[in-house]
Every structure is written in C-alpha cells, then in structure tokens.
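Position 1 is the first residue of the sequence; numbering continues from there. Quantities reported herein were computed from a predicted structural model and do not represent experimental measurements. Start at 1 and go down the list; that is how both ligands and their atoms are numbered.
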Amino acid sequence: MSIETRRSFCRFCHAGCAIDVDVDTVSNAVLGIHGVQDDPMYEGYTCVKGRNLGGQHEHPGRLRSSLKRTGDVLNPIDTNVAFDEIADKLAGILEKYGPRSIATYCGTAAYQNATGLPIAAAFHNAIGSESFYTSSSIDQPGKAIAPLRHGAWAAGVQGFETADVAMVIGCNTLVSTFGYPGGIPGFNPLVRLRQAKERGLYLIVIDPRLTEVAHYADLYLPVRAGEDPTLLAGIIRQILATDAYDKDFCGQYVNGLDELRIAVDPFTLDYVSQRAGVEQDLIVTAAQKFAEGPRGAVTTGTGPDMAPHSSLTEHLVLALNTLCGRYNRAGETVYNPGGLMTPPGPVRAGVIAPKPEMLTKGSKSRMRDIYMQRGQAATSTLAEEILLEGEGQIRALFTLGGNPVVSWPDQRTTVEALRALDLHVLMDVHVSPSAQLAHYVIASTLSLERPDVPTTIDRWFDQPYQHYTPAVLEMRGDIRQEWQVYTEVASRLGITIKMAGGNITPGMKLTGDDVLDLIYANAKLPLSELRKYVGGHVFPEYITSVQPADPTSQARLEMVPAGIAEELKDVFRESNSGAVIHGFDPEVHTFRMTTRRLKSVFNSSGREVEKLRVREGTNFAHVNSLDLAELGIADGDTIEVASPKGSIKAVVKAADDVRRGMVSLAHAWGGLPDTPNDLSVVGSTTGALIDLQSGYDPITGIPVMSAIPVALRAVPVS
Ligand code: SF4
C-alpha cells in the first residue's frame, strides 16, 4: 500500500470544509479524511459527515455501472448505450410534445457540484424548455423573492464578524453548518460563534426548540411553531412604538413607514404573546436589544421558511433589518465583494429598486398559477405537471443530485407521477428509493472524483476566499460526471449548449476542468489564477470598500409593497397557523410537526453509510415528555403522526428541548410508500404529511412543509 495525502474540500453538505484526503494510490481508495489546520477559513474544522466521505465513496452498494429498467428490474447497461437510448427517446418526446415536456430536477446535492446544475440549466436553454426545477423552490424560496418586493441594499447586510447583536430565527447552524449573510457563518460555526460571544455579541434565538445554537443565546424566545410572522410583526411594532428605529436611514432610503405602522398595529404585545406563546417581556427585550445594535442582522433558516406565510416572513426579516439600518455604508470595508466566482462590479451603498413585476414575468404552472422565479419553476407543482394531461404535460425528467420520493412534498402524488413518466433519467451513486422507479440510473461521480469550486457559498465567506480542487480520486467503473449526461445527450441530438466562456458543440471532447472554465469564464477571480494554489486561499487584493451611492438614484426600500398588508391581515384573521390547511381541526390537530436537521446525515444523503446512520438511529419523532405523559406514550413507542393530508409512523424519542405541542422530525428519510421498512432504521417520510393544495405560498408555491398541524397517537408495531 502506498498512501498519498491530497488536498480538497468536502461536498457532503454546502459548507465546503477544506480537507486532506489520504488515498491508497494502488487501490485508489480513501483511507482517511482530516481537517486542514492551516486553512485560513476553516482552521481544521470538519464534521462527522465529512470525516466519513470515504464511506460514501467506498460503499459496497456504490453504483459502478449504469442501470436500465426492464419491467420491475434494474439491469446493468453500458453508459454510452444508455445515452444512445435516452437521446433517441428524448428526440421522440421533444418532437411529439415540445420542449416543455422535458424537465430537470436538481436536488440539494446538485448545489455541491459546480458543473452539474449550470450545464443542466444551459441544456434547458438550448432545447427551449422552461421546465427547470430545483430543491431551492422547496427549501427557503422566500429568501430569493423577498428583495423583489422590498428592494435590496447594494452593499449588503452587515456581517456577523462585526455584529453587536444577531437575531437567529429557526436556523441551527451548529448542526446544519449552513449560514446566511449576517447570521452565524457555516464555516467552523462553533468557533465563529464563540469568538463573537467573546467580543460581546448579544445573541437572540427564536425557535420552538432549544437548539444547539439556542444554548448560546443571551435571549431565547421559544416561539410556537408556525408563528414566526406573528412574532416578527410584534417585534417590528414594538420597535416602531418605542421610536427605536434608525430614523436617518429610513428617512433617506425607505418608503411606507406609516403603512408599516398600520399593518403591524393589530400585533400588540398581548396578542403576540398569547398567540406565539412567548412572554411579553421577552418580546420587549428582543425588540430593544436588536434595535440597540448598533450593528447586526436578523436571519432565518429552514424552519420559518418552510412554515406558513414564508414569503411574508422573509419580507418582515428584510423590513426589520431595514428599519434598524443594518447595511454596509459608504466607506466601510467589504471583505468579500459578492463572491469571487461572480462577475466583477463596484460595491455601492444605495438601494437596488424593488422589481415586483418580475414576480409575474414568464411562464406559470398549470395549477395554482405559480410563476417561474429566477429561471426556475416551482418544484411543488412538478408531480402534478407530470400527471395533468394536456398541453405542457411533462413526459421526461432528469434528476440530478436529488431523491424525489423522500424529498418532494406529497409523497403519494410524487410516486404516482414518477411511475407515470415516459422517461426518467436519474443520476445517482446508489439505488435510492427514487432510483427504484427510474427508467435509467446513470452511475455518477461523487465529489472527490471531480474538479470543483465551492460556488453556492462563494458570496458568504467573510474573506475573499476560494478553493479549487482537482479530482483527488480516479473515476472507477463506467461512471460519469453529471454534466456529461447533458452534453452526451445534446451531442446525440445535434444541439449546441451555450456557456459564458463559449459553446459546447456536438461531439466536443471536454474534461471537468474545461467545463469549469466555460461556466465561470466571467468570474472576478480567474480560475487560471485560483488553480495556482493548492487548497483554500484568501485573495486580499479583492478586499474593497463601499462606494458612495449614486446621487441620482431615487430608489427606495418598500416596507409595505403590494400584498404585504393583506397577508398580515390574513395572518391576524387566521388566529392559528394551522388554519391555512384544508381539513384542519383545532380539536384534533393539536400538535405541529416541524422539520429538523441532523448532524450525521444531510437530507437524504448519508443514511446509506451505516457508520453515520447508526449515530442517528432513525428519524425519531421528538416530543416533549410532558406531552408524552398526557398521551400515554412512552419513549421508544411507535406513534402515528397524522396531518389533514396523510399519516406516517415514527419511533418516539422524549425530548425536553422541544416545546410542548410540537413534534420535531427530520425530513427526507423513509422509502417507497407501502413497502415494508424497519422504522427504526429506514425512518419515515414527512413529505407524506404535506398538502400541495392548501396553505401554499402564493408566490413561490412552497407548501407548508414545517409547522404542519398534526395529531399524535400510539399505535402497535406492525
Ligand atoms: S460541515 Fe459539511 S462540508 Fe464541512 S465536513 Fe461537514 S459535511 Fe463536509
């Protein structure tokens, strides 16, 4: 055996931690993974998932050849032959039903792959198909669309590294290691949080669960699940009522302050306290401390953005930051000018005007009138777009880095839709529940087998940091990089794919590095420069300062754009977050099911590695022990969790960090419905509880995927 240590970065989740990979150069196998102590961003940090990347790569069930379905059986097929057959079938579908009938779904893993998703999107442009879906429309889509209504500050929100106060809502960065600008950074998060606390950060955490992050809070508000907009409206009202907002900033850059006062007026301390389940003095202190700042932002995570009224919640978050003027001003230092993989441009103080017209531009779904946002259709409509006959019906689907069976909302409709497809090509590394239903499973690379750059988090680094990695493992077997599925099919169809750095023409021979160059040709930091460095590197020459605002600009941030006042009235009228779901009965659905992140698995990834799966056991239903006692349920019992839409079984775990009246369950577990599974190993799919037809966000279409009203009862183990 000959061991070589090769530097790379982890892509198990989005965080992109720098790692050293010990490789057996004879067998090309991963022997070990370590953090990189001298990496300037991560300083040696890794988590248990990253340290087990080898288990994913060397998994005995790892696909080394592609598969084709015959009847109910998947049989090996030469990957080039699969491409021939796929192209042939796709040509027929394209000719008969048109471009919209061909769709792609990019799951979360596609965001840890700098080449797959951009090439998939470019392929869709090339064939003229707008049926492009990603997991971002079922995971916090409100963040992307809120600035279109509110406007944005061109120089960005104040960073965590200089914050005096941070308000974190439903975001457990110490477990999911996914941070947002202004919030706890997702890179080496515990060290960053401790350093901030040492320099005096005042941390406010709002969450129905006393999370790992909440343990570090100076002020913890245990909000009732689903009541974030109520609480935010109350905090805004309190700041306005006490004149604690930034009058200079608002006077210069804001429209609609009086309308905001009127809109939040019903959300009195008494009302909010009763409804959100938070004591009045905690709300008063949160408002006071946040407004005092003077620096620091409010940020959210998955919880509030999968709950009812998620776009409204994100608008209120922007409004709260604006109210307190929490933006980088002219002359201040900007350590990361919007990401080094993005095109260059000045960092200016000043308002980027709202563009509400963009919300209804382009195509919309054939059900519920959900418009495409930022070039993507709403994943919550995809299963129905497959099932609904007529013009625009989707017949063919490519799935990249995703596992729809356990991750799309409404599992039964999802499975029915996947079974109805004429062609489903799924890129995967093992036979997942979704792969079991696909027509072709293309054996794909895992992260260490491809060159890459962290692009999802590029703009969130608090330094001008980047990291290029070559492939540190050879591709073993008849496997492909995901982008190759699109270029190979395009080539067979005679289609040219246009990229920033030039065209990919039929028959063109490309490497992964060629594709990176074609995609990121306009990056501030040329890839040719980045490749000179082994491992992560800070490029201080990109540190800049905020330029003064354009003196001719009249743009203002809108506090109450169209739709906000009406939706706040709806929230007030509903008086209970469960009321948005058809069939909700307050006497029956007395609990709220909230989603939960886990340390050892990332969505549906990681469960296949037994060493990681056993650390979690299963996706337990975490319930407060006082609730369990009232229900006569014991720790370890099997319970039924029933929403107005559907029900699942789950193994109970008593958890007093969970507030009463809720059940906390990790999503993306389970398998195919009606298939015998060991609950204590495979878990259950929370998607079965989700209703597509009611409670959905009117702009993004995201259904209620957290804070779902449910009833709990003990059931015998079957
Ligand atoms: S936090 Fe994410 S990127 Fe970092 S080691 Fe863990 S799984 Fe890998």
Side-chain angles (χ1 to χ4, degrees), residues 5-22 30-59 107-114 116 135 139 160 171-180 183-194 211-213 301-302 401 403 429 445-463 465-469 472-473 535-536 596-613 615-616 666 668:
T5 299
R6 299 170 183 170
R7 188 146 296 181
S8 188
F9 65 90
C10 176
R11 283 149 278 173
F12 211 126
C13 85
H14 299 319
C17 301
I19 52 173
D20 278 333
V21 185
D22 295 336
V30 180
L31 299 175
I33 305 267
H34 321 275
V36 178
Q37 296 299 330
D38 60 358
D39 182 88
M41 186 59 54
Y42 297 92
E43 300 166 318
Y45 175 79
T46 55
C47 81
V48 66
K49 297 187 291 296
R51 293 191 294 275
N52 281 283
L53 259 184
Q56 229 186 10
H57 284 71
E58 308 303 333
H59 192 275
T108 321
Y111 285 94
Q112 284 102 256
N113 175 343
S135 56
D139 183 358
F160 186 79
C171 189
N172 195 10
T173 310
L174 295 184
V175 166
S176 69
T177 47
F178 197 56
Y180 299 95
I184 301 167
F187 23 89
N188 206 359
L190 182 56
V191 167
R192 299 299 170 109
L193 177 55
R194 283 189 175 141
T211 59
E212 285 76 355
V213 165
T302 310
N403 191 350
V429 294
T445 49
L446 273 166
S447 54
L448 299 177
E449 296 154 344
R450 58 176 187 257
D452 223 329
V453 181
T455 50
T456 300
I457 52 171
D458 182 36
R459 67 188 192 284
W460 299 346
F461 292 127
D462 55 6
Q463 292 289 326
Y465 170 94
Q466 251 304 346
H467 189 161
Y468 163 79
T469 180
V472 297
L473 293 180
R596 180 189 190 95
R597 299 279 186 188
L598 301 174
K599 276 187 177 158
S600 307
V601 303
F602 180 63
N603 297 334
S604 66
S605 295
R607 284 193 285 139
E608 72 279 12
V609 181
E610 187 60 6
K611 210 168 158 186
L612 289 173
R613 202 277 308 161
R615 288 175 66 96
E616 299 296 346

### Query
By number and element, which atoms of ligand 1 are closer than 4.0 Å to a non-hydrogen atom of Gly50?
5 (S), 6 (Fe), 7 (S), 8 (Fe)
### Query
Counting N and O atoms only, with roles assigned by atom type, does the side chain of Gln112 sit under 3.5 Å from a partner on the main chain of Gly16, one being a donor and the other an acceptor?
no
### Task
Would you confirm whether Asp452, through its side chain, and Ala114, through its main-chain N or O, come within 3.5 Å as a donor-acceptor pair?
yes
### Task
Within a distance under 4.0 Å of any heavy atom of Cys17, pick out the atoms of ligand 1 and give their elements.
1 (S), 3 (S), 4 (Fe), 5 (S)
### Message
Between Arg11 (side chain only) and Ser447 (backbone N and O only), is there a donor and an acceptor less than 3.5 Å apart?
### Response
yes
### Task
Output the distance between atom CD1 (Ile184) and atom CG (Leu174), rounded to the nearest 0.5 Å.
6.0 Å
### Query
For Leu53 and Cys10, what are the C-alpha separation, side-chain angles and deciding distance, and is it a side-chain contact (heavy atoms from CB on, under 4.5 Å)?
CA-CA 8 Å; Leu53 259 184; Cys10 176; 3.9 Å; yes
### Query
Looking at Lys49, which atoms of ligand 1 are within less than 4.0 Å of one of its heavy atoms?
7 (S)
### Query
For ligand 1, which atoms have a heavy atom of Gly16 less than 4.0 angstrom away?
3 (S)
### Message
Tell me the nearest of Gly35, Cys13, Cys10 to atom 2 (Fe) of ligand 1, using heavy-atom distances.
### Response
Cys13
### Query
For ligand 1, which atoms, with element, lie under 4.0 Å from some heavy atom of Phe12?
7 (S)
### Task
Can you sort out which atoms of ligand 1 are near Cys47, meaning under 4.0 Å from one of its heavy atoms?
1 (S), 5 (S), 6 (Fe), 7 (S)
### Task
Could you verify whether a donor N or O on one side chain and an acceptor N or O on the other, from Ser600 and Arg615, lie under 3.5 Å apart?
yes
#### Entry: N/O/S from His14 sitting under 2.8 Å away from atom 2 (Fe) of ligand 1
no
